[in-house]
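The block underneath contains the structure these notes are about, expressed in structure tokens.
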Number of protein chains: 4
Amino acid sequence: MRATQGPARRLGRPRDARAEQAILGATLELMAERGIARLRIDDVASRAGVGKATIYRRFATKDDLVTAAVSRLVREIAVPDTGSTRDDLQVLMGEAVDVYTGPLAPRLMPDLVSEMAHSTELAAAVRGGFLAARRDALRAVLRRGVERGDLHSDLDYELALDVLGGPLFYRLLVTGGPIDQHLADGVVELIMRGFAQTKTSHPSNANRKDDA
Amino acid sequence: MRATQGPARRLGRPRDARAEQAILGATLELMAERGIARLRIDDVASRAGVGKATIYRRFATKDDLVTAAVSRLVREIAVPDTGSTRDDLQVLMGEAVDVYTGPLAPRLMPDLVSEMAHSTELAAAVRGGFLAARRDALRAVLRRGVERGDLHSDLDYELALDVLGGPLFYRLLVTGGPIDQHLADGVVELIMRGFAQTKTSHPSNANRKDDA
Amino acid sequence: MRATQGPARRLGRPRDARAEQAILGATLELMAERGIARLRIDDVASRAGVGKATIYRRFATKDDLVTAAVSRLVREIAVPDTGSTRDDLQVLMGEAVDVYTGPLAPRLMPDLVSEMAHSTELAAAVRGGFLAARRDALRAVLRRGVERGDLHSDLDYELALDVLGGPLFYRLLVTGGPIDQHLADGVVELIMRGFAQTKTSHPSNANRKDDA
Amino acid sequence: MRATQGPARRLGRPRDARAEQAILGATLELMAERGIARLRIDDVASRAGVGKATIYRRFATKDDLVTAAVSRLVREIAVPDTGSTRDDLQVLMGEAVDVYTGPLAPRLMPDLVSEMAHSTELAAAVRGGFLAARRDALRAVLRRGVERGDLHSDLDYELALDVLGGPLFYRLLVTGGPIDQHLADGVVELIMRGFAQTKTSHPSNANRKDDA
DNA sequence: TAATAACCGAGACGGTACGTCTCGTCTTAGG
DNA sequence: CCTAAGACGAGACGTACCGTCTCGGTTATTA
């Protein structure tokens, strides 16, 4: 019967997966080297050793190509567990500092932010990609902090996450201020103090079920 | 002899000041409508009812034009003085929320950030323009808070400013989260608590070294 | 077991002879419809219901394909024998008129001429194909005319053939003038008169200037 | 009132006539070097020292460009007057032989003929251009021949012109036969004999003065 | 008052990158 | 091994925009 099983027969020569990898790899390299606006499709083609049609067969437009390339940057982010909420946050924020001071992010982010405003797909890819990974890790650490009683049980997680991430982005994209461990520590300290468990110590009723 | 009268005599027909206004106005409109990257000089010329040469006579390049247009957006920002540091901060942050939720900023900022990365002049204009105005006002309020004893005397002003501004930018440019009074209040509250004067000197010596 | 049966074993699936016919047929159709330069191999494949590789397996290049298609157009041309040289020529020229006013030649010839200039093989195919057939027939008639005494014994056959064929081609390809029996008769008459046997002391043997 | 006088005001920078000449010159050169099909617009642009847009502003498509370039080839053709119809024809045919054996015609004509079949404009340009010039000159000579009594008064001029021109084109485009003075003389002689004045038979007083 | 010089709108200029199309080849699944 | 379908590397096409230059004409200052 062959119903509802696969997307038809797929006649003809299948697309070469290596071409796709080569295209995205070349795109990332050139994005980092020259920025998104200065990225030329012909250069992507020639660096990838690929015809332009092979690119356009996969990605309808330059924006699509950039979106796809950025989506490849996602990496797993481990949730640290040092026993100290402050230390866990510092570990994660240290990693963020490393990323933002690395070779890729400073060149990519400004253009990426601009493209995100024009392309919903790219915005979704970025938010669901490397952004979500980091935020998930931070959220887990914060939650453990609440459970431990280090942080207030009414903690506004989204606010805390944006306070952790915002200043780094702000300096990277706007003020040009230094992005270093000092900044990371300062933000973490602020979170720890500002969202600290209040005196009356109703110990972490924010927990889901492991309260007992 | 032409002596002793004035510097830069300026022969010939003087530049028409209305042209300059029309150019910058059209530029701002089109920046908001289409974004900076999609902004076409030809379109600016035609909307301003001006020849392209008239634009390039004033602004050497597209970046210069954008920089000049953005510089027009600067507004005086009054330093509030309610008597309460928290309230003063909330006033300023409320204004910032208004700007970021207005018609211009959300469309302009993403591209602006991208262009700033490519143009030192634009970056300087933005930082020295409406950014500096707001930061100066916030800094004044913070300083008063320190003087009043509401805030810690070792306050890292740059950190505080970036924590105040960063989350708003972060949501505007990256996460797409809500930018509202709740966010503003949350950040202000965090600053007030996290950077509070430590009368009883509780041990949190996470500060760099000058804590003692 | 299929052993020991014939010479030239021909392993695998044999070529489908129908494919070749379909390819050449589609090629001729499309050549007539769009011209040789606008002929697309993909279109030939799709009209013939054939894969592109099936075409290229048989014909190494587009020129080869066109050459083969054109070669199919050759037809036997009977040498007429009415007893009159003039009538024989008129019969052949009438056939030529029919060909040049038919559906194929007017659409094919212009491009064919162009392709012949770039492809020696095609030129040879055309000259050795339907062109040679007609010229051979005409030559035979002319020869009989000489033998009969209707035409001069020093007849320059090549010149005569080109005078017979040239004007038709000229009108088809260049001037756009009418190609009809009137033209054919006029050319034949010219040949008959101009190359007539000069019984009484033929002094002007076509020399250039020593006529006096 | 300014009615019906000129095509409006002509605002803006006028087109540079030198660019037009450079474009057409480069086009002719490259057409001769590589043929029309292999002619690349980028090469025309770079050889003419011109941007591609400058070409496309004037010529909507490659065919238009070729048409315009070919139209430039027209040259004045003087009507010879040696006193002898035969000699006059030989002069003109000799010039035709020179053209067809020159550097341009053999490379251009095949493609030109093909393009003419697809472009009415080009066909009109060719026929009304250098073709008409030569035919007009030949026609004038033939007419004088009739007036002198060298040629039959019922002469079919179009037929005569096509017999004069056809064989040369035929050899150039189709048979590849030699195009030389021998061919020209043969054709002229054929015309002189085949279209000679018949009845009164003043045999070839077409000679200049050595008749007596 | 007449020249002069810089301005004005309009639009052509030489370039550069785009996204589309076709070529002739190659790669799959199936007969 | 052949077939149909269709992806492949290469490269020309015609479009769009950049920043500059050129035109005829306008507006102030200087002579």
Side-chain angles (χ1 to χ4, degrees), chain A residues 9-16 18-19 37-43 45-46 48-62, chain B residues 2 9-16 18-19 37-43 45-46 48-62 64-65, chain C residues 9-16 18-19 37-43 45-46 48-57 59-62 64-65, chain D residues 9-16 18-19 37-43 45-46 48-62:
Chain A
R9 293 277 306 279
R10 295 245 298 113
L11 288 179
R13 175 177 178 176
R15 293 193 180 167
D16 189 339
R18 290 169 308 174
R38 276 103 178 148
L39 175 74
R40 279 178 292 130
I41 299 290
D42 280 317
D43 292 346
S46 96
V50 142
K52 265 204 297 181
T54 300
I55 296 177
Y56 280 106
R57 204 173 288 118
R58 292 164 168 73
F59 311 104
T61 177
K62 191 172 153 178
Chain B
R2 86 188 288 296
R9 291 279 294 281
R10 298 239 295 117
L11 286 182
R13 176 178 177 175
R15 290 190 180 169
D16 188 339
R18 290 169 309 173
R38 277 102 176 151
L39 175 73
R40 310 284 166 231
I41 299 291
D42 282 302
D43 293 344
S46 106
V50 141
K52 268 206 295 181
T54 301
I55 297 176
Y56 280 106
R57 204 172 288 120
R58 291 163 167 74
F59 312 103
T61 175
K62 191 172 153 177
D64 278 17
L65 174 60
Chain C
R9 291 280 292 283
R10 297 238 294 119
L11 289 181
R13 177 175 175 177
R15 290 191 180 171
D16 189 339
R18 290 170 309 175
R38 277 103 177 149
L39 176 74
R40 311 280 167 237
I41 299 290
D42 282 320
D43 293 344
S46 107
V50 141
K52 270 203 296 180
T54 303
I55 296 176
Y56 279 106
R57 199 171 294 113
F59 312 102
T61 177
K62 191 172 152 179
D64 278 17
L65 174 60
Chain D
R9 293 277 308 279
R10 297 242 300 111
L11 287 180
R13 175 177 176 173
R15 293 192 178 168
D16 189 339
R18 290 170 309 175
R38 275 100 177 152
L39 175 74
R40 279 176 293 131
I41 299 289
D42 279 313
D43 291 347
S46 95
V50 141
K52 263 208 294 182
T54 300
I55 297 177
Y56 280 105
R57 205 173 288 121
R58 292 164 167 73
F59 311 104
T61 177
K62 191 172 155 177

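Note that the structure is a prediction, hence the values are computed from the model and not measured. Residue numbers begin at 1 in each chain, while the letters A, B, ... track the order of the sequences.
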Exercise. Report the distance from atom CG of B/Leu39 to atom C1' of F/dA16, rounded to the nearest whole Å.
Key: 15 Å
Exercise. Mind listing the closest non-hydrogen atom pair of D/Ala45 and D/Gly51 along with its distance?
Key: CB-C, 4.3 Å
Quiz item: Could you state the CZ-C1' distance from B/Arg18 to E/dC7, rounded to the nearest angstrom?
Solution: 12 Å
Self-check item: Atom-to-atom span, OH of D/Tyr56 to P of E/dT16 - whole angstrom
Solution: 17 Å
Quiz item: What one-letter contact string describes nucleotides 6-11 of chain F from 5' to 3', where B marks a base within less than 4.0 Å of any protein heavy atom, S marks contact via sugar-phosphate atoms alone, and - marks no contact?
Solution: BBBBB-
Practice problem: Would you mind reading off the distance between A/Lys62 atom NZ and F/dA16 atom C1', rounded to a whole angstrom? | Solution: 14 Å
Quiz item: Nearest 0.5 Å, what's the CG-NZ distance between A/Leu39 and A/Lys62?
Solution: 5.0 Å
Quiz prompt | With sequence neighbours excluded, residues passing salt bridge (charged side-chain N to carboxylate O under 4.0 Å, His left out) with D/Arg18 | solution = D/Asp16
Self-check item: Over all atoms of both residues, closest heavy-atom pair of A/Tyr56 and A/Thr61
Solution: CE2-CA, 4.5 Å
Self-check item: SB check B/Asp43 B/Arg40 (cutoff 4.0 Å)
Solution: no
Self-check item: d(CG, C/Asp43; C1', E/dC21) in whole Å
Solution: 12 Å
Quiz item: Any idea which heavy atoms bring C/Ile55 and C/Ile41 closest together, and the distance?
Solution: CD1-O, 4.0 Å
Quiz item: Could you state the CD1-P distance from C/Ile41 to F/dA4, rounded to the nearest angstrom?
Solution: 15 Å
Exercise. Determine: side-chain N/O of D/Thr61 to OP1/OP2 of F/dG14, distance under 4.0 Å, yes or no.
Key: yes
Quiz item: How many Å lie between CZ on B/Arg38 and C1' on F/dC18, as a whole number?
Solution: 17 Å
